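My structure is below; once you've seen it, I'll send some questions.
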Protein chains: 2
Amino acid sequence: MKNLLYTGKKIKKTRARTVILEEINKIKSHPTAYEMFKIVKQRLPRVSLGTVYRNLDILSEHGLVLKLKMNDAQMHYDGRTDEHYHIQCVKCGKTEDIPLEMLNNIDTAVQDKTAYRVLYHTISFYGLCTECTEEDVTGKGNKV
Amino acid sequence: MKNLLYTGKKIKKTRARTVILEEINKIKSHPTAYEMFKIVKQRLPRVSLGTVYRNLDILSEHGLVLKLKMNDAQMHYDGRTDEHYHIQCVKCGKTEDIPLEMLNNIDTAVQDKTAYRVLYHTISFYGLCTECTEEDVTGKGNKV
DNA sequence: ACTTTAAACAGGAATCATTCTTAATTATGA
DNA sequence: TCATAATTAAGAATGATTCCTGTTTAAAGT
Ligand SMILES: [Mn+2]
Ligand SMILES: [Mn+2]
Ligand SMILES: [Zn+2]
Ligand SMILES: [Zn+2]
């Protein structure tokens, strides 16, 4: 079994998949599937949006990208795969990483207090980025 | 200005709105708009799903219900309006309250470490409820 | 390199939650 | 009561995501 996208993973290396992974690893942002589609399309002009969706799902199932649900309609994807938290600006929708250590102990705390076997948790912060805090008067901000 | 749903709030008391609020306050679960629609329809047979959506939004904008985004496709609504965290079973989708004190200090911590003005955060736990842990072998569970 | 076969693909249709539009109904209040 | 504004029901529209189908591509063995 050759040509693995990532050694030791049962994931085939295909044209679209490779470009998607390369491109999402180049950026520090948290793009939507459509934003990735526009980026990937520059290298693979015939790629389809469905292919981008499908491969982002496959990559996230194999832990090669993260799939994030924030407070807007679309899913966001993240090339950084170590567990970390995010903040989203409620005005412009920008999503960024949080330099906060993971709170692993809260899973245990919750498991002890409930009848659940706790597998994981997510934390999302919401607030105003610098730009949006400043232009508070102008009202130029987009909605999330 | 009479007929307010809640004293001191600028929110009028209408037939559908009143029933929706009464019914969501009766239950401890975290229904979707459609589940609320089915419940409300028993008292108001001519109510429409759009009215349920609109009023749940209005109620949540006024802080009379919470609107929750968990890891399934629909929004969930919560008649309990004090801040609290939730856990969702990854197998059956059931969503329940967590008896964990709010971590208010993390907002400050994040604000100090980032360029954001932090307004709020959400924490969601995911795991297996007792029923779904037990029937692990049977494979009868629904997907979330 | 050639063949076979399963997986991946493009393009477009379908799905599904949610929002929007509009005309009718209901509440407010002078 | 009459005028006006808000709410509603019904169904259309929207938008993100998934699914379907016929075609192309990659992988594994010759
Ligand atoms: Mn990230
Ligand atoms: Mn709750
Ligand atoms: Zn911003
Ligand atoms: Zn369960």
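Computed from a predicted model, the values in this text were never measured in an experiment. So that the names make sense, note that chain A is the first sequence line, chain B the second, and so on, each numbered from 1.
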Could you tell me the separation between the CG atom of Asp72(B) and the P atom of dA16(D), rounded to a whole number of Å?
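To the nearest whole Å, that distance equals 19 Å.
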
When you get a sec, tell me which of dT17(D), dA8(C), dA9(D) is the closest nucleotide to the side chain of Ser48(B)?
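The answer is dA9(D), which lies nearest to the side chain.
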
Ignoring backbone atoms, establish whether Arg15(A) has a side-chain N or O less than 4.0 Å from OP1 or OP2 of dA8(C).
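The answer is no; no side-chain N or O of Arg15(A) sits under 4.0 Å from OP1 or OP2.
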
What is the distance, rounded to the nearest whole Å, between atom NE2 of His76(B) and atom P of dA17(C)?
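Atom NE2 in His76(B) sits about 11 Å away from atom P in dA17(C).
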
Expressed in angstrom and rounded to an integer, what is the separation of Glu35(B) atom CD from dC16(C) atom C1'?
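In whole Å, dC16(C) C1' and Glu35(B) CD are 15 Å from each other.
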
Looking only at side-chain atoms of Gln74(A), point me to the closest of dC9(C), dA16(D), dA9(D).
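That would be dA16(D).
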
As a test of reading the structure: which of dA16(D), dT18(C), dT28(C) is closest to the side chain of Met75(B), going by heavy atoms?
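Of dA16(D), dT18(C), dT28(C), dT18(C) is nearest to the side chain of Met75(B).
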
Base, sugar-phosphate, or nothing for Arg54(A), non-hydrogen atoms under 4.0 angstrom?
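Base contact - Arg54(A) has a heavy atom under 4.0 Å of at least one base atom.
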
Side chains of Tyr120(A) and Glu83(A), donor plus acceptor under 3.5 Å
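No.
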
Is the closest side-chain donor-acceptor distance between Ser48(B) and Thr51(B) under 3.5 Å?
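Side chains of Ser48(B) and Thr51(B): pair found under 3.5 Å.
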
Would you say a side-chain N or O of Thr14(B) is under 4.0 Å from OP1 or OP2 of dT7(D)?
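Indeed not, no polar side-chain atom of Thr14(B) lies that close.
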
With the side chain of Lys12(B) defined as its heavy atoms from C-beta on, choose the nearest nucleotide among dT8(D), dT28(C), dA17(C).
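That would be dT28(C).
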
Looking only at side-chain N and O atoms, does Tyr53(A) come under 4.0 Å of OP1 or OP2 in dT17(D)?
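The answer is yes; a side-chain N or O of Tyr53(A) sits under 4.0 Å from OP1 or OP2.
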
Separation of Leu44(A) atom CG from dA8(C) atom P, in whole Å?
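Taking atom P of dA8(C) as the reference, CG of Leu44(A) is at 16 Å.
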
Decide yes or no for Tyr85(A) and Val110(B): does some side-chain heavy atom of the first lie under 4.5 Å from some side-chain heavy atom of the second?
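Answer no - side chains too far apart.
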
Using whole Å, report how far NZ of Lys13(B) lies from P of dT26(C).
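Rounded to the whole Å, the gap is 18 Å.
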
Choosing from dC9(C), dT8(D), dA9(D), which nucleotide comes nearest the side chain of Asn55(B)?
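Minimum distance to the Asn55(B) side chain belongs to dT8(D).
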
Just checking Tyr126(B) against His86(B), ring centres under 6.0 Å apart?
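They do not qualify: ring centres at least 6.0 Å apart.
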
Spacing of Leu49(A) atom CG relative to dA10(C) atom C1', expressed in whole Å
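Value for this atom pair: 11 Å.
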
To the nearest Å, how far apart are Lys67(A) NZ and dA16(D) P?
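Computing the Lys67(A):NZ to dA16(D):P distance gives 15 Å.
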
Interatomic distance, Asp57(B) CG vs dT8(D) P [rounded to whole Å]
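The answer, rounded to whole Å, is 13 Å.
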
Could you grab the distance from atom NZ of Lys13(A) to atom OG1 of Thr18(A), nearest 0.5 Å is fine?
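Result: 5.5 Å between the selected atoms.
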
